[in-house]
Amino acid sequence: MRPVDEQLERVLAAAVRPAPVRVAISDAHGLRSAEAVVASRPLPGFDQAAIDGYAVRSVDLSGASEAEPVSLPVVGEIPAGSRQPLRLQPGQAVRVVSGAPLPTLADAVLPADHTDAGTARISVHRGVPSAVFVRRIGEDVQPGDVAVGRDQVIGTAQVAMLAAAGRDKVLVHPRPRVSVLAVGDELVDVSRGAGPGQVPDVCTHAIAAAAREAGAAVSRLRLVRADVREVRSALEDMLPFSEVLVVCGAVAGRPGAELKSAFDGIGEIDATRVAMHPGSSQGFGMVGRDAVPTFLFPAHPSTALLLFEVFVRPLIRVGLGLQDPHRRVLSARLTSPISSRKGRRGYVRGRLLREQDTGDYLVQPLATSGTHLLSSLADANGLVVVPEDVSDLTVDERVSVAFLSARR
């Protein structure tokens, strides 16, 4: 059997990073910028009030106190969005609201609670230093500053920076397109009741959700009967719109050979077994004119999800431009013993916990005797990875656990 690391190396060597596209900044969230965006204007674009109050010259308020207040005439009011220039003369005040442009010569904004809140004239009982409650032109961003760097993930703050820099569109690396297909005469859509001998299609829903969580754009195709011509037709329909293709169906035996024959003439699926448990029976190859990385996984969702986690998720993450596409791996102590097949890398679902006193990580193995069971998936937040040369692990032994965080 082929080692897991060798199979993963083959898979990642096939990674395709889609060509950059220009999208609206509202659609760029979560993607990586394919360009460095340079600000062409300052932010703020003008000196403005940071609070509601009075624009003043701070020097005019020197010595103001409760005992000896300073009286200033209020000579006008500036609302937010005003385009009328106003010049402040010595010994005057102008009422302003937050975001309003400051009049010329004003160097501070005086809060109303430092005054008697007059309208025609104010009595100031407490002064302010220069520059207080003022947003100076360009203090946040100067023209020529990099607002968003090349290959930077565009999060909420980056969308704000793009908008502030005057950009409504940005060049990004798009999400890899992942297509998911299920093949089998026994499968029925989950919207229909499964009759005798029929199985609801859980696999494509689960794989599609996992691909979206990994950052891909996902297409889930209709169910396809185990007929070579129908499968080939479905493949030919999907391949032009895919950077990754996942087919769930029979892998081994005659049904697997028949499914594999659907790829004849459009690609080759290598069905070499991989030294892992569960999921040793699988297939991978390059299919179609564009050599789309294509996976053939068993139709059982728990095994298919494991194989997705080990092979497809890293491929998607490489396609997104991530330098390290792998999950965070933690060291944890076992709360109960587990066994694994020697010669294969074992993957055991587990629940990561923290020891209250020491903060040490513990891991509780789940469904150790039934890798086909779906019910434990909802409780698992980690995968215990058992090396190929280990068959038994006891309580309190340290193991490596891939943390299955939903964060991208």
Side-chain angles (χ1 to χ4, degrees), residues 1-9 11-12 202 206-207 209-215 273-282 297-298 300-318 320 322-408:
M1 290 190 287
R2 180 176 294 152
V4 172
D5 290 339
E6 183 180 330
Q7 181 76 345
L8 182 59
E9 185 178 343
V11 168
L12 296 184
V202 177
I207 295 295
R212 288 190 194 96
E213 184 182 284
R273 296 182 72 193
V274 178
M276 61 185 296
H277 178 75
S280 62
S281 295
Q282 56 181 278
F297 288 164
H300 197 281
S302 61
T303 302
L305 279 172
L306 170 64
L307 293 174
F308 177 94
E309 179 66 32
V310 176
F311 298 110
V312 187
R313 187 180 189 278
L315 180 67
I316 292 171
R317 306 294 276 173
V318 169
L320 285 167
L322 292 169
Q323 296 298 315
D324 183 2
H326 302 292
R327 296 278 195 181
R328 179 186 175 195
V329 176
L330 303 171
S331 175
R333 292 187 290 111
L334 284 171
T335 62
S336 59
I338 57 176
S339 59
S340 182
R341 298 189 184 182
K342 199 163 187 178
R344 302 191 195 186
R345 185 173 299 178
Y347 294 90
V348 179
R349 297 169 225 162
R351 182 70 183 169
L352 273 167
L353 309 165
R354 294 296 290 270
E355 197 169 50
Q356 189 170 0
D357 294 337
T358 65
D360 199 14
Y361 283 104
L362 306 175
V363 63
Q364 175 187 352
L366 304 172
T368 55
S369 61
T371 58
H372 64 288
L373 298 176
L374 278 173
S375 56
S376 62
L377 284 176
D379 292 329
N381 63 355
L383 274 179
V384 180
V385 183
V386 184
E388 289 84 346
D389 60 350
V390 174
S391 57
D392 293 290
L393 291 163
T394 59
V395 174
D396 278 341
E397 277 200 69
R398 287 207 165 270
V399 291
S400 295
V401 184
F403 180 39
L404 304 182
S405 167
R407 291 190 307 169
R408 294 179 178 173

Asker: List the atom of Pro325, the atom of Pro314, and the distance in Å for their closest heavy-atom pair.
Answerer: CB-O, 3.4 Å
Asker: How long is the straight-line distance from CG of Leu12 back to CD of Gln7, given to the nearest 0.5 Å?
Answerer: 10.5 Å
Asker: Report yes or no: is the cationic atom of Arg354 (NZ for Lys, CZ for Arg) under 6.0 Å from the centre of the six-membered ring of Tyr361, at an angle within 45° of the ring normal?
Answerer: yes
Asker: Name all residues meeting the side chain to side chain donor-acceptor pair (under 3.5 Å) criterion together with Glu397; count only those two or more places apart in sequence or in a different chain, and write none if there are none.
Answerer: Thr394
Asker: I want to check something: taking the side chain as every heavy atom from C-beta on, are His326 and Leu8 in contact at a cut-off of under 4.5 Å?
Answerer: yes
Asker: Before you tell me yes or no, could you show the steps for Val395 and Thr335 under side chain to side chain contact (heavy atoms under 4.5 Å, CB included), namely the whole-Å CA-CA distance, both residues' side-chain angles and the distance that decides it to 0.1 Å?
Answerer: CA-CA 5 Å; Val395 174; Thr335 62; 6.0 Å; no
Asker: Who pairs with Gln364 by side chain to side chain donor-acceptor pair (under 3.5 Å), at least two apart in sequence or on another chain?
Answerer: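 Result, side chain to side chain donor-acceptor pair (under 3.5 Å) vs Gln364: none returned.
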Asker: Taking all non-hydrogen atoms of both residues into account, name the closest pair between Val363 and Gly350 and its distance.
Answerer: CG2-CA, 4.1 Å
Asker: When rounded to the nearest 0.5 angstrom, what distance separates CZ in Arg333 from CG in Asp396?
Answerer: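 Spacing of CZ (Arg333) from CG (Asp396) equals 5.0 Å.
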Asker: Is the shortest side-chain heavy-atom distance between Arg349 and Ser302 below 4.5 Å?
Answerer: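 Heavy-atom side-chain distance check passes, below 4.5 Å.
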Asker: Any chance you could measure Leu353, atom CG, to Asp360, atom CG, to the nearest 0.5 Å?
Answerer: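 Going from CG on Leu353 over to CG on Asp360, the span is 11.5 Å.
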Asker: Looking only at non-hydrogen atoms, find the nearest pair between Phe311 and Val4 and report the distance.
Answerer: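 Looking at all heavy atoms of both residues, the closest pair is CE2-O, 4.0 Å.
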Asker: Check this for me: does any side-chain nitrogen of one of Arg327 and Glu309 sit under 4.0 Å from a carboxylate oxygen of the other?
Answerer: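 A salt bridge is present here (some side-chain N lies under 4.0 Å from a carboxylate O).
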Asker: Determine the minimum heavy-atom distance between Ala214 and Leu320, stating which atoms define it.
Answerer: O-CD1, 3.4 Å
Asker: If you round to the nearest 0.5 Å, how far is CG of Asp5 from CE of Met276?
Answerer: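 Going from the CE atom of Met276 to the CG atom of Asp5 covers 11.0 Å.
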Asker: Measure across Met1 and Ala275 and return the closest heavy-atom pair with its distance rounded to 0.1 Å.
Answerer: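 Reported closest heavy-atom pair: CB-N, 3.8 Å.
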Asker: So, for Phe308 and Phe297, which heavy atoms are closest and what is the spacing to 0.1 Å?
Answerer: N-CE1, 3.7 Å
Asker: For residues 377-391, dump all side-chain donor-acceptor pairs below 3.5 Å to protein atoms at least two apart in sequence or in another chain.
Answerer:
residue : atom : partner : partner atom : Å
Asn381  : OD1  : Leu352  : N            : 2.6
Glu388  : OE2  : Arg345  : NE           : 3.1
Glu388  : OE2  : Arg345  : NH2          : 3.2

Asker: For Arg344 and Arg273, what are the C-alpha separation, side-chain angles and deciding distance, and is it a side chain to side chain contact (heavy atoms under 4.5 Å, CB included)?
Answerer: CA-CA 11 Å; Arg344 302 191 195 186; Arg273 296 182 72 193; 3.7 Å; yes
Asker: Distance from Arg212 atom CZ to Ile316 atom CD1, nearest 0.5 Å?
Answerer: 11.0 Å
Asker: Any side-chain heavy atom of Leu307 within less than 4.5 Å of one from Pro298?
Answerer: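 Yes. Closest side-chain heavy atoms under 4.5 Å.
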